[in-house]
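Working notes for the structure below.
Values below: all heavy atoms of this structure, side chains included; hydrogens, waters and symmetry mates excluded. Each chain gets a letter, A, B and so on, in the order the sequences are listed, and its residues count up from 1.
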2 protein chains.
Amino acid sequence: MTFDAIDVKIMNALQRDAGQSLETLGADVGLSRNACWRRVKALEESGAITSRVALVDAKAVGLGLMVFMQVRTHSHDPGWQDKFNRATRVIPGILSVYRMTGDLDYLIRARVPDMDGYDALYQQLIEQVPIADVSASFVMEEIKDSTALPL
Amino acid sequence: MTFDAIDVKIMNALQRDAGQSLETLGADVGLSRNACWRRVKALEESGAITSRVALVDAKAVGLGLMVFMQVRTHSHDPGWQDKFNRATRVIPGILSVYRMTGDLDYLIRARVPDMDGYDALYQQLIEQVPIADVSASFVMEEIKDSTALPL
DNA sequence: GGTGAAATCCCTCATCG
DNA sequence: CGATGAGGGATTTCACC
């Protein structure tokens, strides 16, 4: 799919604030409220805009510690990957799981209340799936963290 | 700040879908639309809900490659840190920058169109700030990636 | 893409449990 | 705190040009 300059403006504006009215949005991108509405709907239906969500402040809800877990496995068990995927998808606190370049190397991003919370999450994980090697790095400072893609 | 079960339900619902009406939301959490509206407003004003944003599909806009850059530096002078922070904040494509514990100093999460795009981003970064050591890991598969915190 | 009109929703207030 | 009802105003949505 291809997007023109106005589509890009719309997506940029909505990535910043999805709560604004079509009036405001239309004025920003130089379109009438209605033409703008049709564009937004098209972007949603084409899947370019996947959803509108509320962002919650992690510290405010007691999830002040962010941790990256680097998982290495040398298991070539065919069912291992499925089990790992299922386990990580279900465990609360695990926000992202990526399979990385390199030999079966996974990166997990999680949010927990504190170190005890991390330990609980770690125990929960290795209980459900055997993992050869896990190393954890904790986030001391979030210099930048955005959901908005550069368009 | 403390949240009761209904606040948690509201935040969970809005983390999934921030576009739903107060009618729907109220029904979901077992509250009238009006009582629900007051809760939502309080959550927004307290900062627990920071914003409502649209999520854009990275592949749909040609940013199909996600990369993590592990940055190590041996210069810990304050001027370098400021320069690094400013550079990463400005460069488009860099979505997250974290200062970490342990042997790696900074972790950068970025989205780029392809390998050429990564190289361009890398060049842009080291042009603005001297970096001793960078290693990049590319995401082959996104098993999970959520903006919703577990409440 | 624009215009206008209908349906819906948001926000506020006031009152009562 | 929450429910209900009601009002004005804004917004979404759908006709048609």
Side-chain angles (χ1 to χ4, degrees), chain A residues 1-63 92 113 146-151, chain B residues 1-63 146-151:
Chain A
M1 183 148 306
T2 176
F3 308 103
D4 63 14
I6 294 179
D7 284 332
V8 167
K9 276 190 188 176
I10 288 173
M11 286 191 279
N12 270 330
L14 290 180
Q15 280 191 129
R16 278 184 241 111
D17 177 12
Q20 66 190 294
S21 72
L22 284 168
E23 198 89 35
T24 314
L25 184 61
D28 274 7
V29 305
L31 233 56
S32 77
R33 312 117 226 215
N34 249 333
C36 192
W37 174 76
R38 270 186 297 242
R39 294 254 193 171
V40 171
K41 206 177 180 197
L43 288 169
E44 284 170 343
E45 279 175 4
S46 76
I49 293 176
T50 59
S51 57
R52 289 158 190 247
V53 301
L55 300 182
V56 169
D57 183 45
K59 274 182 195 146
V61 295
L63 293 167
S146 171
T147 58
L149 306 180
L151 303 179
Chain B
M1 181 146 309
T2 176
F3 308 103
D4 64 14
I6 294 179
D7 283 333
V8 167
K9 277 190 188 177
I10 289 173
M11 286 191 279
N12 271 329
L14 290 180
Q15 281 191 129
R16 278 184 243 113
D17 177 13
Q20 66 190 297
S21 74
L22 284 169
E23 200 87 37
T24 312
L25 184 61
D28 272 7
V29 306
L31 232 56
S32 74
R33 58 210 118 102
N34 218 323
C36 191
W37 173 79
R38 262 173 288 179
R39 293 257 193 168
V40 171
K41 205 179 180 195
L43 288 169
E44 283 170 343
E45 279 175 3
S46 76
I49 293 176
T50 58
S51 57
R52 289 158 190 248
V53 302
L55 300 182
V56 170
D57 182 45
K59 275 182 195 147
V61 295
L63 293 167
S146 172
T147 58
L149 306 180
L151 303 178

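Residue A/Arg38 is in base contact, counting any heavy-atom pair closer than 4.0 Å across all strands shown.
Between the axis at the start and the axis at the end of the helix from C/dG1-D/dC17 to C/dG17-D/dC1 there is an angle of 30°, using five pairs per end and rounding to 10 degrees.
In this structure, A/Arg52 places its CZ atom 11 Å from C1' of D/dT12, rounding to the nearest Å. Taking atom CG on A/Asp7 and atom C1' on C/dG1, their separation rounds to 13 Å, with Å as the unit. The separation between A/Arg39 atom CZ and D/dT13 atom C1' is 18 Å, rounded to whole Å. When the C1' atom of D/dT13 is taken as reference, atom CD of A/Glu44 falls 13 Å away, rounded to whole Å. The distance between atom CD1 of A/Ile6 and atom P of C/dG1, rounded to the nearest whole Å, is 6 Å. Atom pair A/Leu22:CG and C/dC9:P shows a separation of 15 Å (rounding to whole Å applied). Separating the CD atom of B/Glu23 from the C1' atom of D/dT12 is a distance of 15 Å, rounded to the nearest angstrom. The separation between B/Leu31 atom CG and D/dT4 atom P is 10 Å, rounded to whole Å.
Checking D/dT4, C/dT12, D/dT11 against every side-chain atom of B/Ser32, the shortest atom distance belongs to D/dT4. Nearest to the side-chain atoms of A/Lys41 among the listed nucleotides D/dT12, D/dC14, C/dG2 stands D/dC14. Closest to the side chain of A/Trp37, out of D/dA6, D/dT13, D/dG2, is D/dT13.
The minimum heavy-atom distance linking B/Gln20 with B/Ala13 is given by the pair NE2-O, 3.3 Å. Taking each heavy atom of B/Ala18 and A/Val53 in turn, the nearest pair found is CB-C, 3.4 Å. Contact detail for B/Ala60 and A/Ala48: the closest heavy-atom pair is CB-CA, 4.1 Å. In terms of heavy-atom proximity, A/Gln15 sits nearest to A/Leu149 at OE1-N, 2.7 Å. What you find for B/Ile49 and A/Ala54 is that their closest heavy atoms are CG2-CB, 4.1 Å. For the pair A/Cys36 and A/Val29, the tightest heavy-atom approach, listed with the atom from each and the gap, is SG-CG2, 4.2 Å.
Between the side chain of B/Thr50 and the backbone N or O of B/Gly47 there is no donor-acceptor pair closer than 3.5 Å.
The phosphate of C/dG2 (OP1 or OP2) has no side-chain N or O of A/Arg33 nearer than 4.0 angstrom. Distances shorter than 4.0 Å separate none of the side-chain N or O atoms of A/Ser21 from OP1 or OP2 on D/dA10.
Side-chain atoms of A/Asn34 come within donor-acceptor range of the base of C/dT3, with a qualifying N/O pair under 3.5 Å.
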